[in-house]
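Everything below concerns the one structure shown next.
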Number of protein chains: 2
Amino acid sequence: MDKEKLNYYKSLGIKLTPQRLAILEFLEGNKEHPSAEDIYKAIKIRFPSMSFATVYNTLEVLLSKGIVKEILIDGSKRRFDPDVSPHHHFICKKCGKIIDVKCKYDIYLPEELKDCEIEDYQLVFYGYCKDCKKSRT
Amino acid sequence: MDKEKLNYYKSLGIKLTPQRLAILEFLEGNKEHPSAEDIYKAIKIRFPSMSFATVYNTLEVLLSKGIVKEILIDGSKRRFDPDVSPHHHFICKKCGKIIDVKCKYDIYLPEELKDCEIEDYQLVFYGYCKDCKKSRT
DNA sequence: ATTATATTTAGACTTACCATAAGTACGGGA
DNA sequence: TCCCGTACTTATGGTAAGTCTAAATATAAT
């Protein structure tokens, strides 16, 4: 990881432990929208002593700092996305694969929410991916 | 519940037990986007013998018949919506309240998903509702 | 005879707890 | 200025517990 990024993380007041660096490196540029378990399994290879709690703790920190984003799309588990730029997602109902959607849509503030403070919005497409579409009965 | 609806449910091949009727009545016109627990608690008053599993079983049946829809919006639990007409949602990050958004947006099929079979899409707004907006520090 | 219910059990995912360990900031000495 | 110990703060690891959901099975209802 380059020095600039390191300093950026430090400037946010994050204590950079080897485990956290490993998690950050794993997430950097990752397009798989991993779950906590995905992260845990991947890091465990290099850090056999890694604990599941550490993964969750670190994710909580990264979420609070806006370094990663949680995507509410998979009912069965939390998914995380290191790409915090505005974009949308598709999830396959069969295999759970998530695909980024970079389209821009013209989403105006709905009348029903005029008294609310909107921080973000996400568009989610549900269906079947290229591979699962074929193999469906 | 009126007879027309009853016959409609019957025509779908759903066996209408007292518990299921209670769940259907509770859901009918319900704008609270209840969780399984909300439903369980509400029905338990009239059916003390009601089981949690029955709630899940019934919801599973109603989902498969398209009578209710699951909304993936609350990371901590499943939420259900008896309004299956196309619409969107807002969720308050603080109190968890969900508000319906009936606006129509022009959502075209994104290039990234041209090989996928899209069944549905949902737009979700995140932020703070009228009440929680004030009380934030 | 088929299907739903109630109850219990089990599983997956996540959070809480606490003693131990490690990172960071600071200040004195080279 | 740079290096290095010291003290303070925070993170880790392991486990235990909590929550939500799904499975299994015997009983009851249709």
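Chain letters run A, B, ... following the sequence lines, proteins first and then strands; every chain starts at 1. Computed from a prediction, not measured in an experiment: that's the story for all the values here.
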Determine: side-chain N/O of [X] to OP1/OP2 of [N], distance under 4.0 Å, yes or no.
| X | N | result |
| --- | --- | --- |
| Q19(B) | dA29(D) | no |
| T54(A) | dG13(D) | yes |
| R78(B) | dA22(D) | yes |
| R20(A) | dA11(D) | yes |

Item to check | Side-chain ion pair, E70(B) and R78(B), N-O less than 4.0 Å | outcome: yes
Item to check | Closest nucleotide among dG23(C), dC13(C), dG13(D) to the K77(A) side chain | outcome: dC13(C)
Item to check | Minimum-distance nucleotide to Y56(A) side chain [options: dC13(C), dA6(C), dG14(D)] | outcome: dC13(C)
Next on the checklist: Quick check on DNA chain D: between S76(B) and K15(B), whose nearest nucleotide comes earlier from the 5' end?
Outcome noted: S76(B)
Checklist entry - Which sits closer to the 5' end of DNA chain D, G13(A) or F52(A), going by the nucleotide each is nearest to? => result G13(A)
Checklist entry - Between the side chains of D38(A) and S35(A), is a donor N or O closer than 3.5 angstrom to an acceptor N or O? => result yes
Next on the checklist: For H33(B) and D100(B), which I'm curious about, is there any donor-acceptor pair between the side chains at under 3.5 Å?
Outcome noted: yes
Checklist entry - So does T17(A) reach the base of dG23(C) with its side chain, donor to acceptor, closer than 3.5 Å? => result no
Checklist outcome for this item: Nearest-nucleotide check on DNA chain C, E37(A) vs N57(A); residue mapping nearer the 5' end is E37(A)
Item to check | Mutual orientation of the aromatic rings belonging to H89(A) and H87(A) [parallel < 30°, tilted 30-60°, perpendicular > 60°] | outcome: perpendicular
